[in-house]
Amino acid sequence: MIPQDISCPSPASDAPEIPLLEIPLATLRTFQKKTTMLYAKQRTTNIGYALEQSSANEGLISALKNDGNEMMLAQLNEIIDKRLLNAIFQPIIYLQSGEIIGYEGLIRGPSDSPMHSPLSLFKVAWANNLTVIVEHLCRRVVLERFAKLGLPGKLFLNVSPESLLQRDAKYGETLDYIHEIGINPENVIIELTESQPTYDYNLLLEAVMHYRSMGFQIAIDDLGEGFSSLRLWSELRPEYVKIDMHFIQRINRDPIKLQFVRSIQEIAEQSGTMVIAEGIETQAELLLIRDLDVACGQGYHIARPHSTPATTLSAEVAKALIRNGIAVYPQKNGLQQNIATAQKLLRKVPSISSDILNNEVYELFLNEPSLQIIPVVDNGKPLGLINRINMIEHFARPYERELYGKKSCTFFMNANPLLTEKDTCLQDLSRLITEGDPRHLTNGYIIMDQGKYLGMGTGHDLMREITQIQINAARYANPLTQLPGNVPINEHIDRLLQNDTRFCACFCDLDYFKPYNDVHGYRKGDGIIQVTGKILSDHCDPDRDFIGHIGGDDFMVLFQSENWEERCRAILADFESAIQHYYSIEDQDRGGYVSEDRQGRKVFFSLISLSLGVVKVCPGQYYSHHQIATAAADAHKQAKKINGNSLFIDRRNDPENRDHKSN
């Protein structure tokens, strides 16, 4: 956040000097504040009188609003002149080690002011054309406080791209000031935060290269939230990228957010960028982000912003990071049955004909801020696409509007767009985009019906849909219980083994379920399976324990909870109570019912019971999910030998059991 160093002039700095009046600046400011407040009070009195005289005077509402703005401006000027800003700092840590790598510098206004919040502060500054002055003052306050505290590591300094492009920022004042207060530029990260769209990427890249040459590094803030953060990443190649907190909060419950963060991490690994996850507020979010190999994190769960922040991690967070275990990835309910086609992504985008002029196209973009692409179509036949950014960049250059404004819109048109029929499957469409022109991803593609223009599709919609399909395909969720099936079960076991995690594999099976299903029908049988899945879920920690439905009446629970045995016994108790509702009073009293078997013979069948076979898994003991499945099945066989609801724990390979025997 260091584009330039300028002193903060008073609003009267452009007025001619009056050397005979040697009045101190503070006195002038005090006079200005009191005069403004008195003026506002007097006008409010007059307006009240006028309202009594005429309720139809709409201009009075505007006058009241202006008075409020003048009072806010007076307060802002006082904040600037007296430097009534406070710097606070929030730690950023390495998620694998817990080491604090640096701090983000944040700003707060006076605690008793409506501009205490930085959002309110900059809103008033923007309304009064004081944004640059306020932003530079904020940076000075943060830099001075960081130096005074002697905080270890790097300082992440918030800077707007507009401020970075200020001409005065390029002549070394910032570097001189940094050295003056004793901060090494290599320890300062310029954190770019967008407040409005950025179009002049070439100029911004030039400014970034200038700061890099002075030793600073670059970070992009709020990836996924800004106007063009993905393009900024591509253009500027920052050292750090911060993922917006929207994608972090409740990521342990949202598979789409998980896939987004995983994709960002994969891109970061390829581009040599370090990812920082913002807004971590729970331990579950912290551990899941860590398991995705995201390098760094910050958030309230790690540490809240403070004027004198800690230089070491709290014991609670440090213990969680070194704890043996992995996070449970969120699972999506249901399985997508239909093969999606391009028509699912169809957006009705109005087209223009080729005889429309560039000036008219430019006006369309100006009048519709959300309009990004305009298709050019003649008689139903698509000719090309006009990109908003490309058009605006051309018209921003000297004389280009004068030269080309009255020419056909085809002059700036991309004449080779991606064309696809509405029945193209999304996998094929994705392959066409990845193998084709990179512009297809940003410009989108034209969807046709037998060669006739229908509408548009966007790269964002395609990526979202493909991600959804991949998640569903990899999960094979059981449609009856909505619990993950064999593929995700095996994947979770493999993750546990790869991370040398101690866990317990619990194979769950219903005894005497098949004859009950034959006698009472599949509807009641399905109800029992659903109840079983719910009981298992209710007694597991969703952030530590994984529940999967193998198929039929077989389930698998992978416990990381230390009190797993207590949970197992609670499962059996709840199941014993719940199963009674599926039998008559008579059947309950005699412990079963008489019915014919599949050979037509009268047979007594016991009430359905639940058998749990548990294997305790220690690091280095097993090497694949196949071995775990075999060992759990063996334990399950032993459990079925016990009458009624049963729990069998295989302790043969338990190191603790061996130690006990040796003593």
Side-chain angles (χ1 to χ4, degrees), residues 95 220-230 233 241-270 275-295 297 299 301 326-347 425-427 429-430 433-434 441-442 444 457-479 481-485 487-489 491-492 495 537 542-543 546-549:
L95 294 177
I220 293 178
D221 192 20
D222 296 335
L223 183 71
E225 192 272 341
F227 295 93
S228 53
S229 51
L230 284 172
W233 187 358
V241 165
K242 284 189 167 186
I243 301 179
D244 181 65
M245 66 175 62
H246 166 78
F247 298 98
I248 303 302
Q249 291 170 354
R250 293 187 59 80
I251 187 175
N252 56 310
R253 296 287 182 269
D254 192 329
I256 302 300
K257 290 182 178 181
L258 182 143
Q259 186 61 32
F260 177 88
V261 174
R262 178 185 277 156
S263 299
I264 293 301
Q265 177 60 25
E266 290 174 357
I267 296 172
E269 290 174 358
Q270 296 296 321
V275 176
I276 301 173
E278 291 187 296
I280 299 174
E281 296 188 352
T282 67
Q283 187 177 104
E285 293 166 359
L286 174 72
L287 297 179
L288 192 147
I289 292 296
R290 180 202 63 181
D291 286 1
L292 290 176
D293 291 327
V294 172
H301 183 71
I326 65 170
V328 177
Y329 289 165
Q331 307 292 318
K332 185 178 184 303
N333 295 334
L335 183 64
Q336 183 167 324
Q337 301 292 335
N338 300 323
I339 299 176
T341 65
Q343 187 160 11
K344 186 175 183 179
L345 308 179
L346 179 66
R347 291 176 178 236
C425 76
L426 297 189
Q427 287 83 353
L429 179 57
S430 175
I433 287 181
T434 55
L441 190 59
T442 53
T458 69
H460 177 270
D461 287 347
L462 177 62
M463 290 177 63
R464 186 191 66 242
E465 198 63 31
I466 289 292
T467 298
Q468 191 79 35
I469 292 172
Q470 290 174 340
I471 291 172
N472 292 337
R475 191 158 291 118
Y476 299 110
N478 187 283
T481 60
Q482 304 300 313
L483 292 172
V487 170
I489 292 172
E491 289 176 347
H492 192 76
R495 286 182 57 222
S537 299
D543 296 323
F546 182 99
I547 309 101
H549 190 170

Are any non-hydrogen side-chain atoms of [X] and [Y] less than 4.5 angstrom apart?
| X | Y | answer |
| --- | --- | --- |
| D461 | R464 | yes |
| E278 | I248 | no |
| T458 | L345 | no |
| E285 | H301 | no |
| Q265 | L292 | no |
| F546 | P488 | yes |
| V487 | E491 | yes |

Test your reading of the model: is there a side-chain donor-acceptor pair from S430 to the backbone of L426, 3.5 Å cut-off?
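Flag not set: sc S430 to bb L426 has no pair under 3.5 Å.
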Can you check whether V328's main-chain N or O pairs, donor with acceptor, with R495's side chain at less than 3.5 Å?
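No.
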Closest non-hydrogen atom pair, [X] against [Y]:
| X | Y | result |
| --- | --- | --- |
| L483 | S537 | CD2-OG, 3.9 Å |
| P330 | L288 | CD-CD1, 3.8 Å |
| Y329 | D291 | OH-O, 3.7 Å |

Could you measure the distance from the [atom1] atom of [X] to the [atom2] atom of [Y]? Nearest 0.5 Å is fine.
| X | Y | atom1 | atom2 | value |
| --- | --- | --- | --- | --- |
| L287 | I280 | CG | CD1 | 9.5 Å |
| R290 | I326 | CZ | CD1 | 9.5 Å |
| I220 | I243 | CD1 | CD1 | 12.0 Å |
| H460 | L462 | NE2 | CG | 11.0 Å |
| I466 | Q427 | CD1 | CD | 5.0 Å |
| Q249 | E281 | CD | CD | 4.0 Å |

Evaluate the side chain to side chain contact (heavy atoms under 4.5 Å, CB included) criterion for residues I267 and W233: first the C-alpha distance (whole Å), next the side-chain angles of each, then the deciding distance (0.1 Å), finally the verdict.
CA-CA 10 Å; I267 296 172; W233 187 358; 3.7 Å; yes
Does the distance from a Lys or Arg side-chain N to an Asp or Glu carboxylate O, for R253 and D543, drop under 4.0 Å?
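D543 and R253: salt-bridged.
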Have a look at I289 and tell me which of L258, I251, V275, N252 forms a side chain to side chain contact (heavy atoms under 4.5 Å, CB included) with it.
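Exactly one pass, corresponding to I251.
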Side chain to side chain donor-acceptor pair (under 3.5 Å) between Q270 and E266, intermediate numbers included
CA-CA 6 Å; Q270 296 296 321; E266 290 174 357; over 6 Å; no
